[in-house]
Amino acid sequence: MNTAVPAGSDAGTLYDRLIRPDRVHGSLYTDQQIFGEELRRIWYRTWVFVGHESEVANPNDYVRKRLGLQDVIMTRDAEGRIHLLLNRCAHRGNQICDDSRGNSSSFRCPYHGWTFRNTGELLGYPYNKGYGGKGKVDARLGAVPRVASYHGFVFGSFATDGPDLLEHLGAAAGEIDRLARLSPEGEAELTAGWLQHRTKANWKLLAENETDGYHPQFVHGSIFGVTGSPIGALYSDASTAVTRNLGNGHSENDLRPEFRKFNEPMRWFGTTESRVPDYVARMRELHGTDAAKILVEGAPHVMIFPNLFIAEIQVFNIQPVAVDECVQYSTAVQLKGAPELNKRMISQSIGSVGPAGMLLADDTEMYERNQRGVEALSPEWLDVRRGLSRERVDENGFTIGTATDETGMRGFWSHYKKLMEA
Ligand code: FES
Ligand code: FE
């Protein structure tokens, strides 16, 4: 394994040595100790995407989720509030919930029968005289202390203080707004079910690739060729699309300049207005003259640090398993009030990220090859300098590069470094 961390005088400057403006050290993807630090300083500290409120639509619905290495039960209580409970009995640590989803106001531990409400509160324990009677045990299920959502996207933070979710999202919140705005009812839902892709690669290789506009022409060249897809051209040297560092580790591949050039509503979705007439009519009714712009510009392509990737019509949730392994969960976006689009979003997602899909399989092959490559001892560094000398600042103060530049990766690494050194 590449654990040859470059020498330096003290631990405080470790990440300064590993993360340079134009390159990052291979040990960041292979070192066990660094992975342990990431769990403490990123996964169990910052805001991490967990799931969507629409997955627990009714009171007492629950669904099992992951947050870092934690097995989490996302519940909606009788009053409608969302909780992220840790799947561990407060008695002697047994796993309390087996089913991947369901509806129940309480969870009963199979070991000695302690029962907890879906808010985490202890309801009862058998043979209570052994504890001096009812209501004598002061215990509850563990929980992620801070839970917040934005347009239904649920995030959890194990830190009891620090930036709130809106501060963390910063400019990326506007990208979630853009997605929700495509629904005639102003709401995106994640109700199509999640596919799980277990990948033998460090989670950061996936996060970086989500913002990498350099690879599509090569990795996905064959599928673009076979299907006659216009996507490849969006990520070429001739593309007017830009890569934008949104701050806080978030970045977007802003394809709007390309779509504006063609000025064709629904082109972003690979279709025309005439094929989705009800949807277009509802959007025009709702947005009036603004509808044309919304329907031309389409959905965002944004990577929200550290693990939420919205790729127009799909949402990805990356969760680590080990230093060299992670799971990428993916689902099709469903727009409330847009049945014409929703059906197509599911079939397009099956075609691209499903078990026999042609897009994610290619990316996954790259992630795993990448992991095997970075375990070699030399050269020690990965290059992230593409476009560094031609970056500029846009009218809103964000650093941008061309469609194929590594501006987003550099934004990811600068925030990563800040968190790891905090
Ligand atoms: Fe859960 Fe004993 S471990 S009731
Ligand atoms: Fe790709």
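In each ligand, atom 1 is the first atom listed, and ligand 1 is the first ligand listed.
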Within-2.8 Å protein N/O/S contacts of atom 1 (Fe) of ligand 1: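 Less than 2.8 Å away from atom 1 (Fe) of ligand 1 sit Cys89 SG, Cys109 SG.
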What about His197 and Tyr329, are their ring centers closer than 6.0 Å?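 Aromatic pair excluded; centres sit 6.0 Å or further apart.
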Would the distance check show the side chain of [X] and the main-chain N or O of [Y] forming a donor-acceptor pair, the cut-off being under 3.5 Å?
X	Y	result
Glu325	Lys200	no
Ser54	Leu190	yes
Arg410	Arg386	yes

Counting only heavy atoms not in Arg45 (residues, nucleotides, ligands), do more than 12 fall under 6.0 Å from its CZ?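 Atom CZ in Arg45 is not packed in, count stays at 12 or less.
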Sum of protein N, O or S atoms, each under 2.8 Å from the Fe ion (ligand 2):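 Atoms of protein N, O or S type lying less than 2.8 Å from the Fe ion (ligand 2) total 4.
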Taking the six-membered ring of Phe412, is the NZ or CZ of Lys204 close enough (under 6.0 Å from the centre) and on axis enough (within 45°)?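 Because its charged atom misses either the 6.0 Å distance or the 45° angle limit, Lys204 does not stack over Phe412.
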Within 45° cone of Phe262 ring axis and under 6.0 Å: Arg267 NZ or CZ: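 Because its charged atom sits under 6.0 Å from the ring centre and within 45° of the axis, Arg267 does stack over Phe262.
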Given Trp43, which of Trp203, Phe305, Phe49 fulfils the ring pair (Phe, Tyr, Trp, His ring centres under 6.0 Å) condition?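 Option passing the ring pair (Phe, Tyr, Trp, His ring centres under 6.0 Å) with Trp43: Trp203.
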Of the options Val144, Val56, Thr119, Asn118, which is the one that meets His83 in a side-chain contact (heavy atoms from CB on, under 4.5 Å)?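 Testing each of Val144, Val56, Thr119, Asn118 against His83, the sole residue satisfying side-chain contact (heavy atoms from CB on, under 4.5 Å) is Thr119.
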